[in-house]
Amino acid sequence: MMRYLLDTNICVFFLRGKLNFSQFVGVQWRECCCISEVTVLELHYGAENSNNSAKHHNAVDMFLSGLTVVPITGAIDIYAKEKVRLRRAGIPLHDEFDLIIGTSAVANDLILVTDNTKHFKNFENIKIENWLR
C-alpha cells in the first residue's frame, strides 16, 4: 500500500470540501494518509485566525481524529543536510515549514501530496503527487 504525507494546503482543500481523498486512495484514506506535526500546527493556526475559530478548531479536530501524525524528530538529520545542500547550491527556500514537511516525507519514505510542487521540486529523493491537477 502506498503511504502519503498530506501537505497543509491539501488538508485545507479537503476541509473546505474542495478535495475528496477517497477518489485517490479509496474510502479507507486514513489508513494510507498521514500528516506532519507541522501541518497540525498550521491547521490550528488557521482555525484560530479565522472568523469562527471554535467552528474551525472543531473541523480540524474531526479531520485529525484517527489520522496518523508523523513526528518531525525522525527527519532532523535529513533536514539539516538538505537545508545545507540547498543553501550551498544557492537554491532559495520558500518556507521553513515546507522544508520540515518535505524532509519528513523523505525520512519516512512517504509520497508528499501538495499543490505547492514548486516549493519541493529541488529536494533530493522526494516523491511528490498533486491531487488537484
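Nothing fancy with the numbering, it's 1 onward along the sequence. All heavy atoms count here, side chains included; hydrogens, waters and symmetry mates do not. Keep in mind it's a predicted model, so treat the numbers as computed, not measured.
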Pairwise distance NZ(Lys121) to CD1(Ile91) - rounded to 0.5 angstrom: 9.0 Å

Restricting to non-hydrogen atoms, name the atom on Cys33 and the atom on Leu67 that form the minimum distance, rounded to 0.1 Å. O-CD1, 3.3 Å

Does one hydrophobic cluster hold both Leu93 and Ile101, with members joined at side-chain heavy-atom distances below 4.5 Å? yes

Find the distance between OH (Tyr45) and OG (Ser50) and round it off to the nearest 0.5 Å. 10.5 Å

Spacing of CG belonging to Leu99 relative to CG belonging to Leu86, to within rounding of 0.5 Å: 7.0 Å

Which side-chain N or O atoms in residues 1-15 pair as donor and acceptor under 3.5 Å with protein atoms at least two apart or in another chain?
{"from": "Arg3", "atom 1": "NH1", "to": "Glu31", "atom 2": "O", "distance (Å)": "3.0"}
{"from": "Asp7", "atom 1": "OD2", "to": "Asn9", "atom 2": "ND2", "distance (Å)": "3.4"}
{"from": "Asp7", "atom 1": "OD2", "to": "Thr114", "atom 2": "OG1", "distance (Å)": "2.7"}
{"from": "Thr8", "atom 1": "OG1", "to": "Thr39", "atom 2": "OG1", "distance (Å)": "3.1"}
{"from": "Thr8", "atom 1": "OG1", "to": "Glu42", "atom 2": "OE1", "distance (Å)": "2.4"}
{"from": "Asn9", "atom 1": "OD1", "to": "Asp115", "atom 2": "N", "distance (Å)": "3.1"}
{"from": "Asn9", "atom 1": "ND2", "to": "Thr114", "atom 2": "OG1", "distance (Å)": "3.3"}

Please tabulate, one pair per line, all N/O donor-acceptor pairs under 3.5 Å involving side-chain atoms of residues 104-113, not counting sequence neighbours.
{"from": "Ser104", "atom 1": "OG", "to": "Ile100", "atom 2": "O", "distance (Å)": "2.8"}
{"from": "Asn108", "atom 1": "ND2", "to": "Ser104", "atom 2": "O", "distance (Å)": "2.8"}
{"from": "Asp109", "atom 1": "OD1", "to": "Lys127", "atom 2": "NZ", "distance (Å)": "2.5"}

Show me the donor-acceptor pairs, under 3.5 Å and distance only, between side chains in residues 69-76 and residues at least two apart or in other chains.
none

Where do Gly102 and Phe123 come nearest, in terms of heavy atoms and distance? CA-CE2, 3.7 Å

Applying salt bridge (charged side-chain N to carboxylate O under 4.0 Å, His left out), which residue pairs with at least one partner in residues 53-82 are found, sequence neighbours left out? Glu82-Arg85

Test of understanding: with ring-ring contact (aromatic ring centres under 6.0 Å, His included), list the residues that count as partners of His56, not counting sequence neighbours. none

Below 3.5 Å, can you tabulate the donor-acceptor pairs from side chains in residues 16-29 to any protein atom, sequence neighbours excluded?
{"from": "Asn20", "atom 1": "OD1", "to": "Ser22", "atom 2": "N", "distance (Å)": "2.9"}
{"from": "Asn20", "atom 1": "OD1", "to": "Ser22", "atom 2": "OG", "distance (Å)": "3.4"}

Phe97, Ile78: one ILVMFWY side-chain cluster at the under-4.5 Å cut-off? yes

Minimum heavy-atom distance Leu64-Arg30, with the two atoms named: C-NH1, 4.3 Å

